[in-house]
Number of protein chains: 2
Amino acid sequence: MVTLAEVAQHAGVSASTVSYVLSGKRSISMGTRQRVEQSIQQLGYHPNAGARALASSRSNIVALMVPLRTDMYVPVMMEIAIAVATSARTYGYDVLLLTGEEGPDAVRRVTGSGLADAMILMDVELDDERLPLLRGTDQPSVLIGLPAATEGLTCVDLDFGATGALCAEHLAELGHRDIAVIGEAPAVYERHTGFAERTLDGLRSRSRELGVRVLHRPCEGGFDAMTVTLARIFDERPGTTGFVVQNESAVEPLLALLRQQGRAVPEDVSVIAVCPDQVATQASVRLTSVAIPAQEMGRRAVELLIAKLEGRGSDEVALISPELTVRASTGPAPAPAAS
Amino acid sequence: MVTLAEVAQHAGVSASTVSYVLSGKRSISMGTRQRVEQSIQQLGYHPNAGARALASSRSNIVALMVPLRTDMYVPVMMEIAIAVATSARTYGYDVLLLTGEEGPDAVRRVTGSGLADAMILMDVELDDERLPLLRGTDQPSVLIGLPAATEGLTCVDLDFGATGALCAEHLAELGHRDIAVIGEAPAVYERHTGFAERTLDGLRSRSRELGVRVLHRPCEGGFDAMTVTLARIFDERPGTTGFVVQNESAVEPLLALLRQQGRAVPEDVSVIAVCPDQVATQASVRLTSVAIPAQEMGRRAVELLIAKLEGRGSDEVALISPELTVRASTGPAPAPAAS
DNA sequence: AAACCTTGTCGAAGCGCTTCGACAACATAT
DNA sequence: ATATGTTGTCGAAGCGCTTCGACAAGGTTT
C-alpha cells in the first residue's frame with residue numbers, strides 16, 4: 001500500500017502538504033500542487049479510509065437502512081437504494097447497506113462506532129422504534145416515509161394524501177360515482193406504514209367533496225386474493241366503475257379478472273394504479289397511474305442529508321407532489337345500466 | 001464518545017486487556033473479563049470503526065457491487081442484496097453498496113483505500129472489464145454470475161445449463177415435441193451476461209437428445225412485445241405446445257395472450273417459467289417453474305467470501321442445482337390436431 | 001529446590017491520516 | 001524603513017485501536 005508519506009517523499013514535500021493538496025483546506029502553490037498530483041498518479045496512491053476516518057472523525061459513509069421484507073414494492077425499494085448510492089457518490093460518500101433486521105441496534109451500532117456519518121431510513125413506520133434513537137443523537141438522518149410525529153426529523157416522501165386526492169379527482173371528472181380502492185395487504189396496514197392510510201384519507205376526503213362513494217378493500221397480491229376481493233366489491237357495490245390500485249402485485253390479476261368478466265377497460269371500468277411508471281407501461285393495459293418517484297425520493301433524501309452534514313439545512317418534511325399520467329386504462333364512466 | 005481507554009480505566013485494567021477481551025485473541029481470567037464487560041455495558045462503549053480499521057488493517061466491511069440498471073430481475077437482485085447483507089452480519093461484516101456505475105474504478109477505489117476487505121460482484125458479464133483487476137489484486141472476491149473464463153475466480157450461480165435441461169426434460173416427459181423459449185430482451189444477450197445463453201444451450205442440447213424441437217425468441221418484457229413475439233412463434237411453428245419463459249416481465253403478457261387466443265393452460269399449452277417462486281405462485285396461473293434461488297445465492301456468496309477472508313477456501317465455481325416445481329401450468333401435450 | 005511451562009496482564013509502538021500553530025518569504029500599507 | 005498582512009509550507013501532536021514482547025505469578029516436572 002502506498003502511503004501519504006511516500007507520496008510526500010516522492011514529491012519532495014511534507015506529508016501535511018500532500019494532505020492539504022488532497023483536501024483543499026489550505027492554499028497550495030500551482031507548482032507544488034502539480035508535483036504532488038503527479039506523484040499521486042505515478043504511485044497510484046489511494047488514501048487509507050480507516051486512517052482518514054480516525055484522524056478526521058468522518059467516515060464519508062452514509063448508512064442506508066432498507067426493510068428486510070421483500071413482500072412489497074421491492075422494485076421501488078431497489079430503485080431508491082440505487083438512487084441513494086448513486087447520488088451519495090456524487091457528494092463523495094459511500095453507502096453502507098443495513099437491513100431492517102437489526103432494528104434499533106443497528107442505529108446504535110452505526111452511530112456508536114462512527115462507521116457512518118449519517119443515515120437514511122426507509123420504510124418508516126408511523127411509530128417507529130428507531131425514531132427516539134435518532135432524536136437522541138446528533139447524527140444527521142433522513143427518513144424516507146412519514147412517521148406520525150415529525151418534530152426534530154427530516155423526512156422525504158411522496159405526498160400520498162395528495163396522491164389519493166388526485167385519483168379521486170381524475171375519476172370524478174370522468175363521471176365515476178362509485179369507486180373501489182384495492183389497498184395493500186392487511187399486513188401493511190397492521191404494520192402502520194402510514195402511506196397506505198394517507199392515500200386512503202386523501203382519496204376519501206376529496207371523494208366526499210366531489211360526491212363520489214368509496215369502497216376500500218385491502219388485498220394481498222396475487223390472483224387468488226384478487227378474485228375474492230373483486231367478487232366482494234361487485235357484490236357490495238355492483239355499480240362500481242372506477243378502481244384505484246395501490247398494490248403492485250394486484251394490478252395484473254385485477255386486469256385479468258375484469259377481462260374474464262367481460263368488463264372492458266376503460267369502456268366499462270376505469271383503473272388507476274399507484275405504482276412506478278415501469279409497471280404502468282408494461283401492464284397488459286397501459287395504465288393511467290400516479291408514479292412513485294423512487295429515484296427522486298432517493299436523490300432528495302441524499303440532498304437533505306448532505307445539507308445537514310454540512311451544517312446547512314434543517315428539519316423539514318419534503319413531500320413530493322404526485323403526478324398523474326393519463327394512459328389507456330381510464331375513460332368516461334359508462335351510462336348507468338338501464339336496469 | 002466513549003473510548004477503549006476510558007473503559008480500561010473504569011474497569012481498572014490496561015487498554016490492551018480490554019482489547020483482548022473484545023477480540024478474544026488472548027486468554028483472560030473470568031474476573032477480569034466480567035469486570036471489563038460490565039464497564040463496557042455501563043459506559044455504552046462502541047469500538048471506533050476507523051481506529052480499528054487503521055490498527056488492524058481490516059475494515060470488517062465487504063463491498064457489494066450491484067448493477068445500476070433496473071431493467072431486469074430487480075426483485076432477484078434485491079433479494080440477493082438483502083441476503084448478502086443479512087448473512088454478512090452474521091459473520092460480523094457490514095456491507096458497502098456500490099453501483100455498477102463507477103465500473104472498474106470502484107474496484108480500484110475500494111481495494112486501494114482499504115474501505116472494504118473483500119467484494120462481491122453481481123451481474124457479471126462474460127467478459128467483464130472488472131475481472132482483470134480482481135485477478136490482479138489479493139483482495140478476496142466472489143462473483144455472482146459466471147464469466148467466460150473463471151480461472152483464479154470464485155463464482156456462485158444457478159446452474160443455468162442444468163436449468164435449461166430440466167425444462168426440456170419436463171416438457172419432453174409430458175410428450176411435448178415442439179417448444180418455444182421466450183428469452184430475455186435482446187439487450188441482455190448483447191450485454192453477454194451469460195446466463196441467458198447457458199440456459200438456452202442446456203435446453204437445446206437436452207432437447208436434441210430427447211427429440212424435441214426448440215424455437216428461441218428473445219423478447220422485451222411487456223404486453224406489446226409479447227404479442228408480436230407470440231404471433232411469430234405460432235406462425236413458424238403452429239404445433240408449439242410448450243413454452244419456457246425466462247423473462248419475468250413476459251410471463252403475465254404470455255398468459256393473457258394465450259387466454260385471449262383460447263389456448264388453455266395447461267390443457268392446450270404448457271408453460272414453464274424460470275423465475276423466483278414468488279412470481280410463480282402469484283401469477284394468474286400457478287406456474288410450474290425453476291426457482292431462482294436468490295437468497296441461497298447471496299448466502300453462498302458470503303460463505304465463500306468469508307472462507308477466503310479466513311484463508312480457508314479457494315477458487316471454485318459453486319453452481320447451485322436448479323429445482324423444478326410442478327404447479328398448474330404444465331400438463332401432458334394435447335393429441336396432435338386432427339388436421 | 002531448581003528448572004521449566006502456562007496463564008493473565010501490561011506498556012509501548014505504531015497504523016496513516018488530519019490539523020494546529022509556527023514561520024519563512026514575499027507583498028502591501030504606513 | 002518599519003509595521004502589517006498574505007501565502008505556502010512544515011513539524012508535531014494526536015485520533016482510538018491492535019499487537020508484540022516482556023514479565024510476574026502460579027503450577028508442574030524433575
- Task: For B:T32 and for A:L4, locate the closest nucleotide of DNA chain C by heavy-atom distance; then report the residue assigned to the nucleotide nearer the 5' terminus.
- Result: B:T32
- Per nearest nucleotide of DNA chain C, the residue lying toward the 5' end, B:A55 or B:V18, is B:V18
- Task: Taking all heavy atoms of A:R299 and all of A:A83, pick out the closest pair and write down the distance.
- Result: N-CB, 4.4 Å
- Query: Which part of the nucleic acid, if any, lies within contact of B:T3, taking any heavy atom under 4.0 Å across all strands shown: a base, the sugar-phosphate backbone alone, or nothing?
  - Reply: sugar-phosphate
- Query: Per the side-chain contact (heavy atoms from CB on, under 4.5 Å) rule, which among B:L97, B:L96, B:L98 passes with A:V95?
  - Reply: B:L97
- Bounded by its outermost nucleotides with an atom under 4.0 Å from a heavy atom of chain A, the footprint on DNA chain D reads D:dT7 to D:dG16
- Considering only heavy atoms from C-beta outward, does the side chain of A:V62 approach that of A:M119 to under 4.5 Å? no
- Query: Starting at the 5' end of DNA chain D, which residue's closest nucleotide do you reach first, B:Y20 or B:L54?
  - Reply: B:L54
- For B:S321 and B:D159, does a side-chain donor sit closer than 3.5 Å to a side-chain acceptor? no
- Message: Using a heavy-atom cut-off of 4.0 Å across all strands, would you classify A:S16 as base, sugar-phosphate, or nothing?
- Response: base
- Query: Heavy atoms under 4.0 Å, any strand shown: does A:S29 hit a base, just sugar-phosphate, or nothing?
  - Reply: sugar-phosphate
- Item | Sugar-phosphate, base or nothing in reach of A:I28, heavy atoms under 4.0 Å | sugar-phosphate
- Cationic N near anionic O, under 4.0 Å, B:R109 to B:E102: yes
- Message: Just to verify, which of B:I80, B:V84, B:L143, B:V76 counts as forming a side-chain contact (heavy atoms from CB on, under 4.5 Å) with B:M122?
- Response: B:I80
